[in-house]
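Inspection log for the structure reproduced underneath, given as structure tokens.
Bear in mind that the values here come from a model prediction, so they are computed numbers and not experimental data. These numbers come from the heavy atoms of this one structure, side chains and all, not from hydrogens, waters or symmetry mates. Quick note: residue numbers are just sequence positions, from 1.
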Amino acid sequence: MFTPRMPRPLRLALATATAVSLTGGGLLALSGPAAAAAAKYADDFNGDGYRDYAQASFGGSFTVTYGTATGPGTVTRTFTQSSAGVPGTAGDAGGYADAFGEDLAAADLNADGYADLAVADFTEKVSDKIDSGAVTIMWGAPSGLGTKATRLPVAAVKYRGFGKGVETGDFNGDGRPDLAVIDSLDTAYVFRGGFSKTGTTGTVTKHHLPPSSPDILEPSGLVAGKVTHDKATDLYVLGQGYRNDRMTLDAWFLRGGSTVKPAAKVTPIDNSSPDYSPTGVIADFDKNGYGDLAVGDTHYNNGAGSVVVVRGGTSGPTTKYRLTQSTSGVATAATKNDGFGVTLSAGDTNRDGYPDLAVSSVQEKVGTVASAGGVHILRGGRAGLTGAGSQWFTRATAGVPGSPTQWERFGLFLRLRDTDRDGDADLVIGDNDYEQTSLLLRGGSTGITTTAVTKVGVWPTFPR
């Protein structure tokens, strides 16, 4: 899943504050079983059988919180490029804030029983090439991440922005995890497994829109998932296009298989406005066997926002539909600059077998409080996502601690994940305070509940 990035001016302003707020956490050694087979969970970095939480950040760092049987634990570690064994140079790069840790993807890339983490930095200066970009693999071990790190072997190219987005998946269907990377120009790369700590990988392929395509695309996000009902993972590249003298928001499909097959054209999401920080997720919302792409289209209707769902089919994307706060059953009304769709996450919150979609509306007015923000849960079902039975959570919701606060943007970051392994997805909600804490709302047979809301020491920017 692609996590929206902070717009550049705001990220630059926050770089110093973020570096301070994310440096806490004990460096305790964690014990795990001896490696024998590939890790059960793609993000169990210490092999103890619990999912861990690698939190993407801004300002050149990322933080790992190790999981327990009931969810996030208290053992954390923060990494920068100044951390021992991590290649590269921390700090400002080419006039931009250091992007190390802005996008993360997890998988057991070397099949040793410990999950590994791909860390992107599209601003990295490599061999004196400004903004060439880099991707570093942090290797898992019984003590967790930090024992060794290896940079992907790619040639340095000035302003390429390699590492604009990263995703893991079995893109060729051979049963081993692969790694997909996009740059800031026009290229998607697929590195096939296996990977080694010495820096070797399987074969690497590069993909571009065909020369015959009438479309152009500047990549800004990458989403992986099963779309076509075969054993290979598929990819969508989100980015900015140009059509009828307007900048656009588009999605470009790459079908996984023994040979990755890029679509000849892009799928339009918004024909009149680009989004330089789009968010998207793939899930089979109607359980027809084909994964659907949900993309936030936040510029829609004067910034009121929307979610566009691109249905999957036998060969890739098919038809589309749009959900807004004007959709029947969705709480609140669509008003200018609500930001509905800024952040998305998918998971089954009520155990009915259909994935649901968490959608933030970060600029939503709550009562008389401007830009307090909130989160919708839209239900999946036989017809796909609808507003029927949807839920709405703000600081004013009974059981949710705190009170609505102006400019809090409650829901700016969120994730759905089964943190306690009871069969339903729980909702982790963060806002714009950047204090590395969030609220955890548990799922249940009726959906997300507020009967036992807890504060947890994670920021909901971890890979799904």
Side-chain angles (χ1 to χ4, degrees), residues 1-23 43 53-64 78-83 86-106 117-126 130-138 145 149 151-152 159-168 179-185 189 218-224 237-239 275-280 296 342-345 412-415 430 432 434 436 458-464:
M1 170 181 173
F2 175 65
T3 301
R5 296 182 178 85
M6 201 61 58
R8 273 289 178 192
L10 182 54
R11 288 193 333 145
L12 289 169
L14 290 170
T16 301
T18 304
V20 173
S21 67
L22 298 185
T23 53
D43 45 14
Y53 302 79
Q55 300 141 73
S57 184
F58 311 101
S61 68
F62 72 91
T63 297
V64 177
T78 295
F79 295 91
T80 72
Q81 287 180 291
S82 295
S83 300
V86 179
T89 303
D92 188 74
Y96 297 113
D98 191 344
F100 178 79
E102 281 197 14
D103 202 17
L104 308 171
L117 187 69
V119 185
D121 180 3
F122 72 94
T123 65
E124 182 73 2
K125 184 179 181 180
V126 181
I130 294 175
D131 292 341
S132 177
V135 173
T136 299
I137 298 176
M138 306 285 292
L145 298 181
R151 181 173 283 181
L152 283 183
Y159 299 130
R160 178 173 58 185
F162 179 78
K164 187 70 173 179
V166 290
E167 283 281 10
T168 55
L179 179 62
V181 184
I182 53 171
D183 64 23
S184 299
L185 300 178
Y189 308 74
E218 177 185 337
S220 54
L222 190 59
V223 188
V237 179
L238 307 180
D275 188 337
Y276 298 101
S277 183
T279 182
V342 164
T343 318
L344 308 175
S345 187
L412 179 61
F413 300 102
L414 56 82
R415 285 291 186 271
N432 68 351
Y434 304 100
Q436 201 72 2
V458 297
W459 208 19
T461 57
F462 44 84
R464 181 170 177 266

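Across every non-hydrogen atom of Val126 and Ala134, the tightest pair is CG2-CB, 4.5 Å. The two residues Gly280 and Leu238 make their nearest non-hydrogen contact at N-CD1, 4.2 Å. Nearest approach of Leu222 to Glu167, heavy atoms of both residues: O-OE2, 3.1 Å. Closest heavy-atom contact between Gly296 and Leu344: N-CD1, 3.5 Å. Nearest heavy atoms, Ser220 versus Gly239: OG-CA, 3.5 Å. Here the closest non-hydrogen pair linking Val181 and Gly163 is CG1-N, 3.6 Å.
You'll find the side chain of Asp98 reaches within 4.5 Å of the side chain of Asp121, heavy atoms only.
Between the side chain of Thr461 and the backbone N or O of Ala56, at least one donor-acceptor pair lies under 3.5 Å. For the pair Thr343 (side chain) and Leu412 (backbone), a donor-acceptor distance under 3.5 Å is present. At least one donor-acceptor pair under 3.5 Å links the side chain of Arg415 to the backbone N or O of Phe462. The backbone N or O of Tyr53 lies less than 3.5 Å from a partner atom in the side chain of Gln55, making a donor-acceptor pair. Under the 3.5 Å distance criterion, the side-chain polar atoms of Thr123 are matched with a main-chain donor or acceptor of Ala99.
Atom CG of Asp131 sits about 11.5 Å away from atom CZ of Arg160, to the nearest 0.5 Å. Atom-to-atom distance recorded for Phe413:CZ and Trp459:CH2 is 4.5 Å, nearest 0.5 angstrom. The distance from the CZ atom of Phe62 to the CZ atom of Phe100 is 5.0 Å, given to the nearest 0.5 Å.
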*Walk me through it: do Leu145 and Leu117 pass the test side chain to side chain contact (heavy atoms under 4.5 Å, CB included)?*
CA-CA 8 Å; Leu145 298 181; Leu117 187 69; 3.9 Å; yes
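Of the residues listed (Val64, Asp43, Val119, Val166), the one engaging Leu104 in a side-chain contact (heavy atoms from CB on, under 4.5 Å) is Val119, and it is the only one.
Using a cut-off of 4.0 Å between Lys/Arg side-chain N and Asp/Glu carboxylate O, Arg151 and Glu124 are scored as salt-bridged.
Asp183 and Tyr189 share a donor-acceptor pair across their side chains, judged by distance under 3.5 Å alone.
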